[in-house]
Amino acid sequence: MVTGQVLADRYGRVATDLRVSLTDRCNLRCSYCMPAEGLEWLPDDTVLTDDEIVRLIDIGVRLLGIREVRFTGGEPLVRRGLVDIVARTKALSPSPEVSLTTNALGLSRTAAALAEAGLDRVNVSLDSVRAETFHTITRRDRLDDVVAGIAAAHAAGLTPVKVNAVLLRGVNDDQAPELLRWALTHGYHLRFIEQMPLDAQHDWSRAEMVTADEIFAALATEFTLTPAAEPRGSAPAELFQVDGGPGTVGVIASVTRPFCGDCDRVRLTADGQVRNCLFAREESDLRTPLRAGASDTELAQRWVVAMRGKRAGHGIDDPTFLQPDRPMSAIGG
Ligand code: SAM
Ligand code: SF4
C-alpha cells in the first residue's frame, strides 16, 4: 500500500484540494466560457461512471492526502447521480469537506437533498442581478431560477454561500457595487474573479479583461474596503472587509496577481484525466488503467507521477503562453 504518500510537485506544493468535473455539459452558455451553440460534448462512454468517480476520490482521500473535494463541471447539477455521489464521497474515510460549484439552475429543487447527503457548501456563479444583463452573458433568461436556487442553498444551510462574478468590459463592469450590495443584503459572500483565457472560442484578451485594480476602483466609489485580518493561505481570494465589516468581498486576481506559488489544487476531468493545473497542456489518463483493472496502488502511483510535472506558474503573461486545448467547461472550473 502507498498510504502516507502526498500529491507533491517539484516546487514543494502539495495538493489537498481535488476539483472533480462531473460533466462537461451545461444549461447556460456564458459568453466567457462557451459559444452560443454549445460545444461538442464528451462521448458518453468516456465519461466516468458514478462508481468510477467515487473510487478515484476514495484513492485520493485514503491514499494521497486529499482533504477537500469540490464538484464542478460543466454544470454538476445536470448530472443525475449527483446527490448519491455527494453522499458516497462524504461517507469516505477520512471524510473530506465536500462542496459544489454551480450555476444554481435547479438548485431550489435539490439544495435540501444535497445538504442531507452531507454537502458542506456551494459556490454559485452569478455575474449580474439585472435580468437583461444576465441574459446577455448567459444567453438564457433564467435569472429568477438562479436567485431562487441561491436562496434555497442558504436556507438549507449550505453556508457560507459564495457567489462568484466575472466582470466583462462594456457588459457588466458597471455593476460591481450593485452586485456587492445585493450579496451583502442577503448574507452571501461575493467574490469577483478575473476573466481568464479559458473560453472555448479563444476570445479572451489581456487588454480587454477587467483587472482587479479596476474592480477595486469601482467598489471604492461606494464602499470602503480594508484587508481582512484572516490569513489568505492557499485561498485564491484576497479578502476585504466592507465598510468595517462584518460583510466581506473577495477578489480572485488569477491573471494580474497570480497565486500559483500557494496552489493546493488538482483536477479530475469528467473523462478521467488528472490535470495538475487549470492551464496544464498535458493530462494523465486514469480512466484507461482504471477500466483495464489497475489496482488502487497503481492508480495512486500514476496520480503521484502526474503531479510531479506541475509547472511553477500558469505563465499567462509569457509571450509563449498557449491556452489549454480543453475549455474551462471541460476542465472543471
Ligand atoms: N457551471 C458551474 C458554474 O458556472 O459555476 C461550474 C463550472 S464553471 C466552468 C466554474 C466557474 O468558472 C464559474 O464561476 C465561472 O464563472 C468560471 N469561469 C468560466 N469561464 C471562465 C473564464 N474564462 N474566466 C474566469 N472564470 C471563468
Ligand atoms: Fe455553464 Fe458554468 Fe460555463 Fe456558465 S461558466 S457556461 S454556467 S459551465
Side-chain angles (χ1 to χ4, degrees), residues 19-39 41-42 70-79 82 99-107 110 121-128 133-143 145-146 149-150 153 158 161-169 171-173 179 183 188-206 208-212 215 236-237 250-256 258-259 265 267-270 275 278-279 314 316 321 323-324 326-333:
R19 310 276 153 135
V20 180
S21 175
L22 293 179
T23 176
D24 60 329
R25 293 173 191 243
C26 190
N27 38 19
L28 294 184
R29 295 285 182 271
C30 304
S31 63
Y32 51 78
C33 186
M34 54 171 92
E37 65 276 16
L39 295 165
W41 309 124
L42 292 169
R70 171 175 296 279
F71 292 111
T72 179
E75 176 44 49
L77 286 174
V78 306
R79 177 134 185 168
L82 175 65
S99 55
L100 183 70
T101 297
T102 173
N103 63 26
L105 279 185
L107 189 56
T110 45
R121 276 184 315 282
V122 293
N123 282 12
V124 177
S125 308
L126 177 61
D127 308 316
S128 173
T133 312
F134 181 91
H135 184 270
T136 303
I137 295 174
T138 66
R139 302 172 173 121
R140 299 286 186 273
D141 194 13
R142 306 293 296 273
L143 175 64
D145 295 4
V146 171
I150 300 174
L158 298 171
V161 172
K162 291 185 184 165
V163 174
N164 295 339
V166 176
L167 294 182
L168 304 174
R169 195 171 303 286
V171 180
N172 63 340
D173 57 340
L179 263 171
Y188 309 146
H189 293 199
L190 180 66
R191 307 176 322 161
F192 291 98
I193 307 180
E194 281 182 343
Q195 188 189 359
M196 295 179 278
L198 288 168
D199 56 313
Q201 317 86 292
H202 292 219
D203 279 344
W204 180 90
S205 124
R206 181 74 168 76
E208 272 301 300
M209 62 163 282
V210 178
T211 64
I215 297 168
V251 177
I252 303 180
S254 325
V255 178
T256 61
F259 36 84
R265 286 154 195 212
R267 293 181 150 78
L268 179 67
T269 65
R275 294 182 62 90
L278 256 184
F279 295 93
H314 57 46
I316 292 174
F321 174 78
Q323 209 174 308
R326 275 188 201 251
M328 181 73 130
S329 55
I331 294 172

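Counting convention: from 1, in listed order, for ligands and their atoms alike.
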### Message
Students should be able to answer this: which protein heavy-atom is nearest to atom 6 (S) of ligand 2, and at what distance?
### Response
Cys30 N, 3.3 Å
### Task
Would you check if the side chain of Arg121 reaches a backbone N or O of Leu158 as a donor-acceptor pair within less than 3.5 Å?
no
### Query
Got the closest protein heavy atom to atom 6 (C) of ligand 1, with its distance?
Gly74 O, 3.2 Å
### Task
Examine Tyr32 against ligand 1 and note whether any of their N/O atoms are separated by less than 3.5 Å.
yes
### Query
Evaluating non-hydrogen atoms only, which member of Met196, Arg19, Arg25 is closest to atom 25 (C) of ligand 1?
Met196
#### Entry: Any donor-acceptor pair under 3.5 Å from Asp127 side chain to Ala165 backbone
no
### Message
Using a plain distance cutoff, I'd like to know if Asp199 has any nitrogen or oxygen under 3.5 Å from a nitrogen or oxygen of ligand 1.
### Response
no
### Task
If you have a sec, work out which protein heavy atom is nearest atom 1 (Fe) of ligand 2 and how many Å separate them, to one decimal?
Cys26 SG, 2.2 Å
### Task
Classify the contact between Val166 and ligand 1 as side chain, backbone, both or neither, using a heavy-atom distance cut-off of under 4.0 Å.
side chain
### Message
So, 4.0 Å and heavy atoms of Pro197: is ligand 1 close enough to count as a contact?
### Response
no
### Query
Judged by atom type as modelled, is there a donor-acceptor pair below 3.5 Å linking the side chain of Asn164 to the main-chain atoms of Thr101?
no
### Query
N/O to N/O below 3.5 Å, does that happen between Ser125 and ligand 1?
yes
### Query
Looking only at N/O atoms, are Thr102 and ligand 1 under 3.5 Å apart anywhere?
yes
### Query
Would one find an N, O or S atom of Cys33, in either backbone or side chain, under 2.8 Å from atom 1 (Fe) of ligand 2?
no
### Query
Within the distance-only criterion (no hydrogens, no angle test), does the side chain of Arg191 pair as donor or acceptor with the backbone N or O of Val251 below 3.5 angstrom?
no
#### Entry: Glu194 side chain vs Ala212 backbone, donor-acceptor pair below 3.5 Å
yes
### Message
Is the shortest side-chain heavy-atom distance between Leu278 and Met196 below 4.5 Å?
### Response
yes
### Query
Quick one: which of Ser329, Ser21, Gly73 has a heavy atom closest to atom 8 (S) of ligand 1?
Gly73
